[in-house]
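Input: a single structure, listed below in structure tokens.
Throughout, protein chains are lettered first and strands after them, A, B, ... in sequence-line order, and every chain is numbered starting at 1.
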2 protein chains.
Amino acid sequence: MPEAPEAKPVAAGRQLLFLREEELRLAQDLLFFGYRDFTAGPDAILAELGMGRAHHRVLHFVGRRPGITVGELLAILGITKQSLGRVLTPLVEEGYVVQAPGRNDRRQRLLSLTEKGEAMERRLFERQREWVMRAYREAGPVAVEGFRRVMRGLMGPEARAQLDRALPEAARAPGAKPRSAA
Amino acid sequence: MPEAPEAKPVAAGRQLLFLREEELRLAQDLLFFGYRDFTAGPDAILAELGMGRAHHRVLHFVGRRPGITVGELLAILGITKQSLGRVLTPLVEEGYVVQAPGRNDRRQRLLSLTEKGEAMERRLFERQREWVMRAYREAGPVAVEGFRRVMRGLMGPEARAQLDRALPEAARAPGAKPRSAA
DNA sequence: GCGTTGGGTCAGCGTCATTGACACATCAAT
DNA sequence: ATTGATGTGTCAATGACGCTGACCCAACGC
């Protein structure tokens, strides 16, 4: 770990790539403040409804993959069954999410959003969309591409695999020329 | 937020900038997974010591601005006095942080890290440094610059101001040509 | 029929945040 | 010198979100 083997001397750019102390401290600050404010909008809406970030995540990932099983959702979120239960059960009870027995395996509970759930997710989505849109617009397309590359790099290998699996393929770059992996 | 008025049907370059549904969903995923895994390293170390992310944040910001007052720290973290107290008091008791009365205003408690606190912060720092370094290296310098611009854009105006104030000026772009506000 | 798997649930714990209320020392101004 | 505002600390209660351990049930698969 200490003294990373310098990787291969990356030609000229090395100077820029060497992570100086202050560069990381800046990254820490940016991620802390950025993530906090990124979630602030939805958080406010959720709070009014007596829900939290965890509920949003469930709505998000269920909305993204309707018919997802509980087990898959657990794997994506990386939490325990009990933790999910405390959030999922109320969502079902209050009619945001429906459970349907699996066709092949009837032990499974396939999750999907109700209309109410979709509306809710939509509302949270729109709030966040405004926010991210502003940031993207200010930063410009090149920066956005860079942002994606770095964030992807910050993910662990498992998360990266999940992300790929989670994306309905078509979604990965809809209409955009598949410019490498990025 | 309901029924975003479709914005006006866009011009040309706007196509890239218009935040399509899937683009935002991707951003949500990236931020969720990325932030989670970014904090995973320090979290593990902290857990061993019976501490949490909140402790890390205090160590980080106190280390960044030795002599910071409690009030300033509260403003940066955006939490309440009570929440900070629960984390700060143990840090002081266990000798990670020292409090010194302010010279001008003796009501103030100027916070700074002890040697033990610096060592701890250092340890967390190094762990995170490896992680971010890898992401930066894989993504390349242009991407890193883009990442910074977008993250900055995701911050609210207050956080942005705080960030600027928090940075010891020299730190903001050490050696890099100050390319506007970014 | 029996073990495994998918899912749910009870009980208890810990962290991190909240609000409201109060205490105390110090500063600053009258 | 009193008075009021400020900086900090603290008690008590609450809630969201995560965890472990233990146990249950229904359905699958052999």
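At a threshold of 4.0 angstrom between heavy atoms, the contacts of B:N104 are confined to the sugar-phosphate backbone, with no base atom among them. Nucleic acid contact class of B:G71 (heavy atoms, under 4.0 Å, all strands): sugar-phosphate only. Across all strands shown, B:R86 has heavy atoms under 4.0 Å from base atoms, whether or not it also approaches the sugar-phosphate. Contact annotation for B:G85: no contact, since no heavy-atom pair falls under 4.0 Å across all strands. Note on A:G102: nothing from the nucleic acid sits closer than 4.0 angstrom, heavy atoms only.
Exactly one of A:R64, A:R129, A:R122 qualifies for a salt bridge (Lys or Arg N to Asp or Glu O under 4.0 Å) with B:E21. That residue is A:R122.
For A:H55 and D:dA16, the shortest distance from a side-chain N or O to OP1 or OP2 is not below 4.0 Å. The side chain of A:T80 places an N or O atom within less than 4.0 Å of a non-bridging phosphate oxygen (OP1 or OP2) of D:dC19. Using a 4.0 Å cut-off, some side-chain N or O of A:T89 falls inside it from OP1 or OP2 of C:dT9. At the phosphate of D:dC17, neither OP1 nor OP2 sits under 4.0 Å from any side-chain N or O atom of B:R53. OP1 and OP2 of C:dT5 both lie 4.0 Å or more from every side-chain N or O belonging to A:R109. Within the structure, a side-chain polar atom (N or O) of B:S83 is placed less than 4.0 Å from OP1 or OP2 of C:dT18.
A donor-acceptor contact under 3.5 Å is not formed by the side chain of B:Q99 with the base of D:dG9. Side-chain atoms of B:R107 and base atoms of D:dT6 include a donor and an acceptor less than 3.5 Å apart.
Among the nucleotides C:dG7, C:dC16, D:dG18, the one closest to the side chain of A:A54 is D:dG18. Here the nucleotide nearest the side chain of B:V87, chosen from C:dC16, C:dC27, C:dG6, is C:dC16. Nearest to the side-chain atoms of B:K81 among the listed nucleotides D:dT8, C:dG6, C:dT26 stands D:dT8. Nearest to the side-chain atoms of A:Q82 among the listed nucleotides C:dG7, C:dT26, C:dA11 stands C:dA11.
Judged purely by atom type and a 3.5 angstrom limit, A:S83 has no side-chain atom pairing as donor or acceptor with the backbone of A:I79. No side-chain donor-acceptor contact under 3.5 Å links B:R152 to the backbone of A:G34.
What separates CG of B:L91 from C1' of D:dG9 is a distance of 16 Å, to the nearest Å. Regarding B:L74, its CG atom lies at a distance of 13 Å from the C1' atom of D:dT6, rounded to whole Å.
Between A:I79 and B:L88, the residue anchored closer to the 5' end of DNA chain D is B:L88, taking for each the nucleotide with the nearest heavy atom.
Side-chain contact annotation: A:T69 with A:R109, donor-acceptor N/O pair under 3.5 Å absent.
Within a 6.0 Å radius of CD in A:E158, no more than 12 heavy atoms belonging to other residues, nucleotides or ligands are found.
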